[in-house]
Amino acid sequence: MFNKILLATLVWVVSFGAQANQPSVELSAHSFENQWEKPMSLDDQTEWLIFSSHKAGGEWVRNAFTTLNVTDPQSLKWLYVADISAMPSLISKFIAIPKMQDYPFAIALEKEGEFTSSWPKQEEAVSVYKLNRLTIEKVEFFESEQALTEFLKGLTQ
């Protein structure tokens, strides 16, 4: 009897864990502005969504893109979104965005933080979402530049 209870509990825990790891977030199409004040779209053609919401994460993405020579993420059906809403507006306007204008790739800027507030994320990690027609099928969190670079490298091959 004890073995049956233990087995049932184990099956329930494993099945609950599997369900908890299955994201069911549906995103809506959205237009962002990039660092050159041009529109960038999250739409049903986007297959990979890369999201950073902290300074180090933004540096990891920049360095990964540089290492992998990614200059046009949209040609890979990627969209990189940086949440800069926590940054003081004067800093973003006069320092951060001008610096981003030197990057060879576009960054969709989330300036208010409202649209991305429900996206799955972890503190001090870069989130990467596998999308299928704006539905998140898989979520990966990267807590280091090296891990992010290796993952993105696999997507480019």
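Note: hydrogens, waters and symmetry copies are ignored here, and every other heavy atom, side chains too, is used.
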Atom pair [atom1]/[atom2] of [X] and [Y] - distance to nearest 0.5 Å:
{"X": "Asn34", "Y": "Met40", "atom1": "CG", "atom2": "CE", "result": "6.0 Å"}
{"X": "Glu110", "Y": "Ser117", "atom1": "CD", "atom2": "OG", "result": "8.0 Å"}
{"X": "Ile97", "Y": "Gln35", "atom1": "CD1", "atom2": "CD", "result": "8.5 Å"}
{"X": "Leu79", "Y": "Gln45", "atom1": "CG", "atom2": "CD", "result": "12.5 Å"}
{"X": "Glu37", "Y": "Leu109", "atom1": "CD", "atom2": "CG", "result": "10.0 Å"}
{"X": "Ser41", "Y": "His30", "atom1": "OG", "atom2": "NE2", "result": "9.5 Å"}

Closest non-hydrogen atom pair, [X] against [Y]:
{"X": "Ala125", "Y": "His54", "result": "N-CE1, 3.3 Å"}
{"X": "Trp36", "Y": "Gln101", "result": "NE1-O, 3.2 Å"}
{"X": "Pro98", "Y": "Ser92", "result": "CD-O, 3.8 Å"}
{"X": "Val70", "Y": "Phe105", "result": "O-CD2, 3.8 Å"}

**Study point:** side-chain contact (heavy atoms from CB on, under 4.5 Å) assessment of Thr149 paired with Phe151
**Key:** CA-CA 5 Å; Thr149 302; Phe151 181 82; over 6 Å; no

**Study point:** Note: Glu140-Lys130 ion pair, threshold 4.0 Å (strictly below)
**Key:** no

[X] versus [Y]: any side-chain heavy-atom pair under 4.5 Å?
{"X": "Leu148", "Y": "Val128", "value": "yes"}
{"X": "Ser127", "Y": "Phe142", "value": "no"}
{"X": "Lys111", "Y": "Met87", "value": "no"}
{"X": "Ile84", "Y": "Met100", "value": "yes"}
{"X": "Glu145", "Y": "Glu150", "value": "no"}

Exercise for review: Take Gln122 and Glu143 through the test side-chain contact (heavy atoms from CB on, under 4.5 Å) and record every step on the way to the result.
Suggested key: CA-CA 9 Å; Gln122 289 180 353; Glu143 297 177 352; 3.5 Å; yes

Any chain of hydrophobic side-chain contacts (each under 4.5 Å) joining [X] to [Y]?
{"X": "Leu134", "Y": "Leu76", "value": "no"}
{"X": "Leu155", "Y": "Trp60", "value": "yes"}
{"X": "Leu42", "Y": "Ile50", "value": "no"}
{"X": "Trp78", "Y": "Phe32", "value": "no"}
{"X": "Ile107", "Y": "Leu27", "value": "no"}

Review point. Just checking, any donor-acceptor pair under 3.5 angstrom between side chains of Asp83 and Ser85?
Key: yes

Check your understanding: Would Phe65 and Leu152 satisfy side-chain contact (heavy atoms from CB on, under 4.5 Å), going step by step from the backbone distance to the final call?
Key -> CA-CA 8 Å; Phe65 280 19; Leu152 295 177; 3.9 Å; yes

Review point. Side chain to side chain donor-acceptor pair (under 3.5 Å) between Ser52 and Tyr80: does it pass, once the steps are laid out?
Key: CA-CA 8 Å; Ser52 67; Tyr80 170 38; 2.8 Å; yes

Point to revise | Lys77 to Trp48 six-membered ring, cation-pi geometry met (6.0 Å, 45°) | key: no

Exercise for review: Tell me, yes or no, whether the heavy-atom count around Glu33 atom CD, taken from other residues, nucleotides or ligands under 6.0 Å, exceeds 12.
Suggested key: yes

Practice item. Can you establish whether the number of heavy atoms outside Glu112 located under 6.0 Å from its atom CD is more than 12? Key: no

Exercise for review: Spell out, as yes or no, whether a donor-acceptor pair under 3.5 Å connects the side chain of Thr116 to the backbone of Trp119.
Suggested key: no

Practice item. State whether the side chain of Glu137 and the backbone N or O of Leu131 hold a donor-acceptor pair below 3.5 Å, judged by distance alone. Key: no

Review point. When you look at Asn132 and Lys138, which way does the side-chain contact (heavy atoms from CB on, under 4.5 Å) test go after all the steps?
Key: CA-CA 10 Å; Asn132 181 4; Lys138 183 178 179 182; over 6 Å; no

